[in-house]
Colleague: 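Take this structure, written in structure tokens, and hold onto it; I'll ask about it next.
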Amino acid sequence: MDSGQCSNANSEEKPKSFAEKQAERMKRFRQLHTQRNEARTHNHQEVVAEDARNKLPANWESRKERAEWLLNDQKARQEAKEKGEDYDRTKLLNISAVEADRFERKRKKKNPDVGFSDFEAATKRQYDRLIRNMAPKNMERYEEMKQKYGDAFYGGRNVIIHGLQEDRKEAVDNMVKDLEDQIAKRDKYSRRRTHNDDADIDYINERNAKFNKKLERFYGEHTAEIKQNLERGTAV
């Protein structure tokens, strides 16, 4: 055997003993065991988080975002007030025409003015408007009350809810304030209008005049051309 072959033989690693192989296997086993425990803990956390999300209302995320937006808006309004600035004017100056047009189209799509169809639809429209003006709800207290009262929380024909809970002073004050605002707004729009002698007379009595004004308010922009053609005598 020459010197080259001897050097190659010496450079080869010695075969590992049984104890060394066993130590490597145990080290690998401990690593796999640690990774399995980490994966099990992570999966359990995800299951708990998903269960908590499923118990929340369907519109929880949107309501949370709206509540955060209201808080930020109130904070910015207060800062502008302290600086002596007009917050609404400053806010409008920072909105581009594209954004303003998008907000307007979104508002019309969300709350379209369909006119007066029947009293049930008018009542539903007023109810939705009053709900939008209410302050954001405390969902944590909502969940606590739901857990506390169980089936009685939703009421029903066979459930006695009287005496189960005591109304909070803040809730009563909010209800009173809302009723006072409705009364003030109703008084503002129920005042008697002064008669305009120069206006065209297209009614037979006061009730008919109010009805015509209501029609004009809801459908005037759609019938303006027809009305002009009738007045000119060019209608087909």
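Count residues from 1 along the sequence. Note that the coordinates shown come from a computational prediction; the quantities given were computed from them, not determined experimentally. The analysis underlying the following values was restricted to heavy atoms, covering all of them including side chains, and did not include hydrogens, waters or symmetry mates.
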Colleague: Distance from F119 atom CZ to R125 atom CZ, nearest 0.5 Å?
Modeller: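 Answer rounded to 0.5 Å: 15.5 Å.
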
Colleague: Nearest 0.5 angstrom please: N174 CG to K169 NZ, how far?
Modeller: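 With rounding to 0.5 Å, CG (N174) is 10.0 Å from NZ (K169).
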
Colleague: Could you pull out the closest heavy-atom pair between N212 and Y203, with the gap in Å?
Modeller: ND2-CB, 3.7 Å

Colleague: Nearest 0.5 angstrom please: E46 CD to H42 NE2, how far?
Modeller: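 Reported to 0.5 Å precision, the distance equals 4.5 Å.
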
Colleague: Assess whether a salt bridge exists between E24 and K21, defined as any Lys/Arg side-chain N lying under 4.0 Å from an Asp/Glu carboxylate O.
Modeller: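 Not counted as a salt bridge, because no side-chain N and carboxylate O are separated by less than 4.0 Å.
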
Colleague: Applying side chain to side chain donor-acceptor pair (under 3.5 Å) to R25 and Q22, what does each step give before you reach the verdict?
Modeller: CA-CA 5 Å; R25 285 195 293 267; Q22 185 70 11; 2.7 Å; yes

Colleague: Start with the C-alpha distance between D181 and K185, add both sets of side-chain angles, then the distance that settles side-chain contact (heavy atoms from CB on, under 4.5 Å), and finish with yes or no.
Modeller: CA-CA 6 Å; D181 293 341; K185 187 173 183 179; over 6 Å; no

Colleague: Roughly how far apart are K146 NZ and R141 CZ, rounded to 0.5 Å?
Modeller: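 Reported to 0.5 Å precision, the distance equals 14.5 Å.
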
Colleague: Under the side chain to side chain donor-acceptor pair (under 3.5 Å) test against H33, which residue among R30, Q31, R36 passes?
Modeller: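 The side chain to side chain donor-acceptor pair (under 3.5 Å) with H33 is passed solely by R36 among R30, Q31, R36.
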
Colleague: Do K75 and L71 make a side-chain contact, defined as non-hydrogen atoms from C-beta onward lying under 4.5 Å apart?
Modeller: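 Result no, sub-4.5 Å side-chain heavy-atom pair not found.
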
Colleague: Is there a salt bridge (charged side-chain N to carboxylate O under 4.0 Å, His left out) between K177 and D173 once you walk through the steps?
Modeller: CA-CA 6 Å; K177 182 179 182 302; D173 293 339; over 6 Å; no

Colleague: How long is the straight-line distance from CD of E225 back to CG of L230, given to the nearest 0.5 Å?
Modeller: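 So the gap between those two atoms works out to 11.0 Å.
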
Colleague: Got more than 12 heavy atoms from elsewhere within 6.0 Å of CD, E120?
Modeller: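 Atom CD in E120 is not packed in, count stays at 12 or less.
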
Colleague: Are D178 and Q182 side-chain neighbours, meaning at least one heavy-atom pair lies under 4.5 Å?
Modeller: yes

Colleague: Spell out, yes or no, whether F211 and F218 are grouped together once hydrophobic residues are joined by side-chain heavy atoms under 4.5 Å, including indirect joins.
Modeller: yes

Colleague: Is it the case that more than 12 heavy atoms not belonging to H222 sit under 6.0 Å from its NE2 atom?
Modeller: yes

Colleague: For the CG atom of L32 and the CG atom of N37, what is their distance to the nearest 0.5 Å?
Modeller: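 Here the interatomic distance stands at 11.0 Å.
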
